[in-house]
Amino acid sequence: MSSSKGLPYFFNNQTKQSSWDAPSELSQQEIDSLPGAKEYLNGKGGAAGAHAGQSNITRTKEEAIEILRGYQAQINGSQEKFAELATLHSDCSSHSNGGDLGWFGRGQMQKPFEDAAYGLEPGQISDIISSDSGVHLVLRTA
């Protein structure tokens with residue numbers, strides 16, 4: 001369940017990929033039997049409010065990028081400010097840890113996120129990147 005949107009998402013433990021859409025290998029019956037399916041999932045196996053103009057999206061990608069630009073200016077290279085803003089504003093469940101995802105290896109994150117993280121030196125913060133999960137700032141800690 002997304003802590004900020006209050007919507008379910010699907011996470012593949014093998015590929016470490018998350019998606020608003022149900023995995024294609026799940027039957028409609030399996031999807032309907034998931035906890036919260038009646039309340040949150042539409043009849044097509046996707047999550048309600050995920051993308052493509054559904055009603056729970058509160059801003060455009062361009063608006064989200066503009067907000068992140070403001071955060072970049074506030075962060076100005078400060079790991080402490082990054083953690084503070086992540087705690088207050090991140091949609092990721094890592095917000096409770098100041099945005100800290102912990103250690104992860106290659107192939108465990110969505111490719112654009114992974115490429116950004118591995119392209120940084122420890123202590124560096126990325127420019128805004130885009131993945132299937134949204135837009136992000138990435139701070140490499142180790």
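This chain uses plain numbering: 1 for the first residue, then up along the sequence. Values below: every heavy atom of this structure, side chains too, minus hydrogens, waters and symmetry copies.
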Using 0.5 Å steps for rounding, measure from the CD atom of Gln79 to the CD atom of Glu84. 14.0 Å
Grouping I, L, V, M, F, W and Y whenever their side-chain heavy atoms are under 4.5 Å apart, do Ile129 and Leu120 come out in a common cluster? yes
A side-chain contact here means heavy atoms from C-beta on lying under 4.5 Å apart; do Lys81 and Asn76 qualify? no
Side chain of Glu114, backbone of Gly107: donor and acceptor closer than 3.5 Å? yes
Please determine whether a side-chain nitrogen of the Lys or Arg among Glu66 and Arg69 lies less than 4.0 Å from a carboxylate oxygen of the Asp or Glu. no
Just verifying a value: how many Å separate Asp127 CG and Leu137 CG, rounded to the nearest 0.5 Å? 7.5 Å
CG of Leu139 to OG of Ser78: how many Å apart, nearest 0.5 Å? 9.5 Å
Scanning both residues in full, the closest heavy-atom pair of Pro122 with Ala142 reads CG-C, 3.8 Å
Kindly compute the distance separating CD1 (Ile125) from OH (Tyr71), expressed to the nearest 0.5 Å. 14.5 Å
With the 4.5 Å side-chain cut-off for hydrophobic clustering, are Ile67 and Val138 part of the same group? no
Parallel, tilted or perpendicular, as decided by the 30° and 60° cut-offs, for the rings of His136 and Phe113: perpendicular
Are Ile65 and Ile75 connected in the hydrophobic side-chain network, where two residues link if heavy atoms are under 4.5 Å apart? yes
Test your reading of the model: is there a side-chain donor-acceptor pair from Asn97 to the backbone of Gly99, 3.5 Å cut-off? no
Contact summary for Leu85 and Gln74, nearest pair of heavy atoms: CD2-OE1, 3.7 Å
Rounded to the nearest 0.5 Å, the OG atom of Ser130 sits from the CG atom of Leu68 at a distance of 10.5 Å
Taking all non-hydrogen atoms of both residues into account, name the closest pair between Trp103 and Gln108 and its distance. CZ3-OE1, 4.0 Å
When every non-hydrogen atom of Gln110 is compared with those of Ser133, the smallest separation belongs to NE2-OG, 2.6 Å
How long is the span from the CG atom in Leu101 to the CE atom in Met109, to the nearest 0.5 Å? 4.5 Å
